[in-house]
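Take a look at the structure set out below.
On a predicted model such as this, the values are computed, not experimentally measured, just so you know.
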Amino acid sequence: MTHPIERNSTAPPLLGLSRPFCRAMHWVAVAWALLAIAGLALAGPLDLLDHRPGGAAFEISERPFFMALFAVGVLLALRWQIVGGAIAAFTASALVVFASQQLRPAPAVIIIVAFAVPALLWIVIDLNDQRPKTAVIGLAVASAAVIGGVVVADRIYDSVFGPTHPGSTTVALPDSALDWIWSGAVSDTSFSVVAKLDDEAESIRLAVSEDALFVDPTFGPQVVADDHGVVRFGAEDLSTDTEYHYAVEVDGELDLTRSGTVRTFPVGPASFTVAIGSDARVGSNGAVFDAIRDVDPLLYLIVGDFHYANIDEPDRGLFEDVLDLTL
């Protein structure tokens with residue numbers, strides 16, 4: 001039987017690649033693809049994949065499905081490179097969607113290269129042996145396969161791990177001296193603030209004011225960040241049932257980008273709103289949080305499942321990473 005690379009042997013190669021070279025690259029792609037399948041199959045059980053905070057989607061059942069489809073592409077590429085290459089390209093682009101969102105940069109790049117290279121080689125090999133019009137059609141099919149893989153995988157990803165409600169249209173905050181800040185432990189005359197510094201600082205203190213522009217604020221004592229850059233403040237001796245604005249001064253500059261507002265509790269019978277939320281997916285930024293803010297509750301209770309990272313080992317760093325992402 002004539003090898004597919006040897007068909008149209010009387011026609012000059014479209015891309016100028018010699019047929020012996022294409023034949024060698026074909027078997028390099030086959031070997032590469034088999035190693036990629038075996039490597040990814042073993043990476044999970046051997047814990048070789050370095051996930052982003054809360055990343056778990058790369059271990060779900062959809063991954064074996066895409067790997068099996070990639071294997072089908074490898075088999076078809078033994079006879080029809082453009083068909084196998086298109087299927088491999090579809091699968092590679094689908095795996096890229098999961099890898100780029102769930103893995104840290106280094107392993108994500110490895111996954112992308114491992115599955116994209118064989119697909120690219122098969123497509124190039126086949127186009128090299130085609131007439132121009134046929135090559136254009138083949139290139140269009142391959143491009144459609146790549147786009148299709150991204151669209152399908154993105155929909156699967158969103159349905160399993162994306163937000164279950166509309167996303168917020170609020171513009172993300174720019175970088176500042178703080179990574180995050182929040183308040184709690186509210187009483188009728190006090191509250192606490194916890195924040196994480198973006199970098200080391202020599203001078204850190206809390207500013208509290210009844211004025212949103214922080215005209216003549218009250219400053220608390222200097223505090224020292226812990227080994228993880230987290231700082232904790234207490235605001236005390238405040239007026240009852242009063243709205244206060246708070247911000248952290250870092251090395252003499254108030255961080256007004258990440259600041260907040262809190263109202264001390266009333267004493268005795270009173271009317272107020274309490275908002276309750278739970279079950280937020282990791283890293284989600286839903287419009288529901290805008291709705292919670294708009295009702296201006298006196299108290300917001302997170303009653304469970306602050307995130308779904310499903311960390312299964314006693315590694316404090318992993319918990320810190322996912323809490324940083326969530327906050």
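Not a single donor-acceptor pair under 3.5 Å links the side chain of Tyr244 to the backbone N or O of Leu238. Remark: the backbone N or O of Leu254 is not paired with any side-chain donor or acceptor of Glu249 at under 3.5 angstrom.
Here the side chains of Thr170 and Arg293 are in contact, with some heavy-atom distance below 4.5 Å. The side-chain heavy atoms of Ser203 and Asp251, taken from C-beta on, include a pair separated by under 4.5 Å. Side-chain contact between Val250 and Leu197: present, with at least one pair of heavy atoms (C-beta onward) separated by less than 4.5 Å. For the pair Leu76 and Ile87, the minimum side-chain heavy-atom distance is below 4.5 Å.
With sequence neighbours left out, the side-chain hydrogen bond (donor to acceptor under 3.5 Å, both in side chains) criterion links Ser190 to Ser187. For Arg263, the salt bridge (Lys or Arg N to Asp or Glu O under 4.0 Å) partners at least two apart in sequence or on another chain are Asp241.
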Sequence neighbours left out, cut at 3.5 Å: what donor-acceptor pairs do the side chains of residues 320-327 make with other protein atoms?
{"from": "Glu320", "atom 1": "OE1", "to": "His228", "atom 2": "ND1", "distance (Å)": "3.3"}
{"from": "Glu320", "atom 1": "OE2", "to": "His228", "atom 2": "ND1", "distance (Å)": "3.2"}
{"from": "Glu320", "atom 1": "OE2", "to": "His228", "atom 2": "NE2", "distance (Å)": "3.2"}
{"from": "Glu320", "atom 1": "OE2", "to": "Arg316", "atom 2": "NE", "distance (Å)": "2.9"}
{"from": "Asp321", "atom 1": "OD2", "to": "Arg104", "atom 2": "NH2", "distance (Å)": "3.1"}
{"from": "Asp324", "atom 1": "OD1", "to": "Trp180", "atom 2": "NE1", "distance (Å)": "2.9"}
{"from": "Asp324", "atom 1": "OD2", "to": "Lys196", "atom 2": "NZ", "distance (Å)": "2.5"}
{"from": "Thr326", "atom 1": "OG1", "to": "Val322", "atom 2": "O", "distance (Å)": "2.8"}

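Centroid-to-centroid, the aromatic rings of Tyr246 and Phe233 stay 6.0 Å apart or farther.
Counting heavy-atom neighbours within 6.0 Å of Glu253 CD, excluding the residue itself, gives a total of 12 or less.
Minimum interatomic distance between Thr257 and Pro174 (heavy atoms only, all atoms of both residues): CG2-O, 3.7 Å.
With salt bridges taken as basic N to acidic carboxylate O contacts below 4.0 Å, none links Asp255 and Arg258.
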